[in-house]
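Report on one structure; see the data block that follows.
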Amino acid sequence: MTAQAAAAREHAVVIGLEVHVQLETRSKIFCGCSTDLADAEPNTHTCPTCLGLPGALPALNEAAVAAAIKLAKAIDADVPEETRFHRKNYYYPDLPKNFQITQYDAPLCRDGALEVTVADETREIGIERAHLEEDPGSLQHAGGGGGIDTAEYTLVDYNRAGVPLMEVVTEPDFREPGEVRAFLATLEEVLEYLGIFDGGRDGSLRVDANVSLIPESERSAGGEVGPDALAAANRTEVKNISSHKGAEKALAYEVTRQRNAVERGRTIAQETRHWDESRGVTVSMRSKEAEKDYRYFGEADLPVLRVANWVEEIEIPELPDARRERFRAKYGLSEATARKLTATRAVADFYERVADRFDPDLAATWVADTLLGELNYRDLTIADVEGRLDEFVGLIELVAEGEITEKNAEEVVLRAMLDEGDRPDVVVEREGLGTAGGEEIERAVAAAIDENPEAVADFYAGEDGALNFLVGQVMGATGGSADPGAVNERLRAALDDG
Ligand code: ADP
Ligand code: ZN
Ligand code: MG
């Protein structure tokens, strides 16, 4: 290894994120246009305000501010008594006003943090700030392969213009791409619990990642990276990342690219790069713009907003980490099961409904393994069957009360419920799944004992397999509709009497 190559290995990786999160509101942030853009024709969710027509004025959406304050509380951020908006000026075809309304010197959140766990190690990632802003429109590059740099022409759709975003800016606290992936998953989970985010929406999470390498000589004896080293480092900003996995891949690529450059004795240019997902590479877009390039100035069409009293009034639900801990303590669940059952608020809420009525372990097996497994197999989530949760509770009840066997519940009833939309009682009736009643089992037990004297003798001789053999006979005689536990019990009782 050359000295330069060795030095490149010694460089510490530093990553900081700017995450754009779409807030779940019914209308856009400064006008009344609907944010329900799924299947919408281009340029149909627009009005003079979000098209930036002369004279149209913005009016702030209260729900967007409330959502931002919920996030602030969840990440333990400081919310100023007053907040305000600025204009960030730049020209781009997706931005009809030629400025974006955003926040600058008084963002809604400052100095928050989020804990992430990677390989059992928990680290705190600082959140420098989070602010509200409007989304620009979207561009569609067409012809010439559709690449940003090869397209023949570009179409613009202003449906997205004015969709409320929260930009979350982290401290440069990440030391490897895997931490970024874990952070994004944690952030999404928190946002989803707060009810202000829908990860299923197209473009609901977009990430710009800043990356630099800090030579060993610029770190403290303990290996820490100080503010001077951070400021001195040339960094690249990778744009166009839209998933957790994409973030990890883009960053792994970018770290390797920078290491290779350092190994060859080249300097890293301070620039903005574009993550090309399909090719799995980052490509240079432009030299990095500086803040002064944007000529920020106050948005005079929106008054200063006093939020001090909102912060007290707005409440947030129990967050994922706290809920996981409570599930472990209250229901005695393992870490892994608690994690599965708190992955979304809908799953956790459903589990609690079931656990309140049945044994928590039985409820956990049903929800975490059986139901989530079958849903997952069909690419569905609890949210997709939210309106039918009573039916699923009803199914578990049928099993708990011994009306149907667990096997039939799982393999016949649940599947018919999901595939055909049937109610559980309807399936049980149609398929004749009701467990064999007492009398029928009693008759089958007596017959099994009569017809198998050898097995009975073996049972009295203490042979383990004998009882199982007899259970099998009874199950066969009742066409598998008896509950094996009940058969076992009655056989034992009959043999003990005999
Ligand atoms: P800018 O002026 O480019 O917006 P900021 O100080 O606002 O710079 O930081 C933007 C992002 O860059 C933040 O996410 C921050 O964590 C990250 N960042 C700052 N310094 C570094 C660095 N040396 N390496 C990687 N990321 C960094
Ligand atoms: Zn509008
Ligand atoms: Mg910045």
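In this text, all values refer to a predicted model and were calculated from it rather than measured experimentally. Hydrogens, waters and symmetry mates play no part in the numbers below; they use all other heavy atoms, side chains included. Both ligands and their constituent atoms are indexed starting at 1 by order of listing.
Counting heavy atoms only, R235 comes closest to atom 5 (P) of ligand 1 of the residues Q270, E18, R235. Considering N234, T170, T272 only, the shortest heavy-atom separation from atom 13 (C) of ligand 1 involves T170. Taking all heavy atoms of S212, A209, G16 into account, the minimum distance to atom 24 (N) of ligand 1 is reached by S212.
Here E237 has no heavy atoms under 4.0 Å from ligand 1, in either its backbone or its side chain. Residue contacts with ligand 1 for V169 involve side-chain atoms from C-beta outward but no N, CA, C or O (heavy atoms, distance under 4.0 Å). Contact annotation: for I214 versus ligand 1, there are no heavy atoms closer than 4.0 Å.
At a threshold of 4.0 Å, the pair E179-R175 does not count as salt-bridged, since none of the basic side-chain nitrogens sits closer than that to a carboxylate oxygen. E115 has no carboxylate O lying under 4.0 Å from a charged side-chain N of R123, or vice versa, which leaves the two without a salt bridge.
For the Zn ion (ligand 2), the set of nearby N, O or S atoms under 2.8 Å includes one belonging to C33.
At least one N or O atom of L17, backbone or side chain, sits closer than 3.5 Å to an N or O atom of ligand 1.
Between atom CD1 of residue I29 and atom CG of residue L132 there is a gap of 4.5 Å, rounded to the nearest 0.5 Å.
Between Y351 and F327, the ring planes are tilted. Angles from 30° to 60° get that label.
Judged by a 6.0 Å distance limit and a 45° cone about the ring axis, K88 is not positioned over the six-membered ring of Y296.
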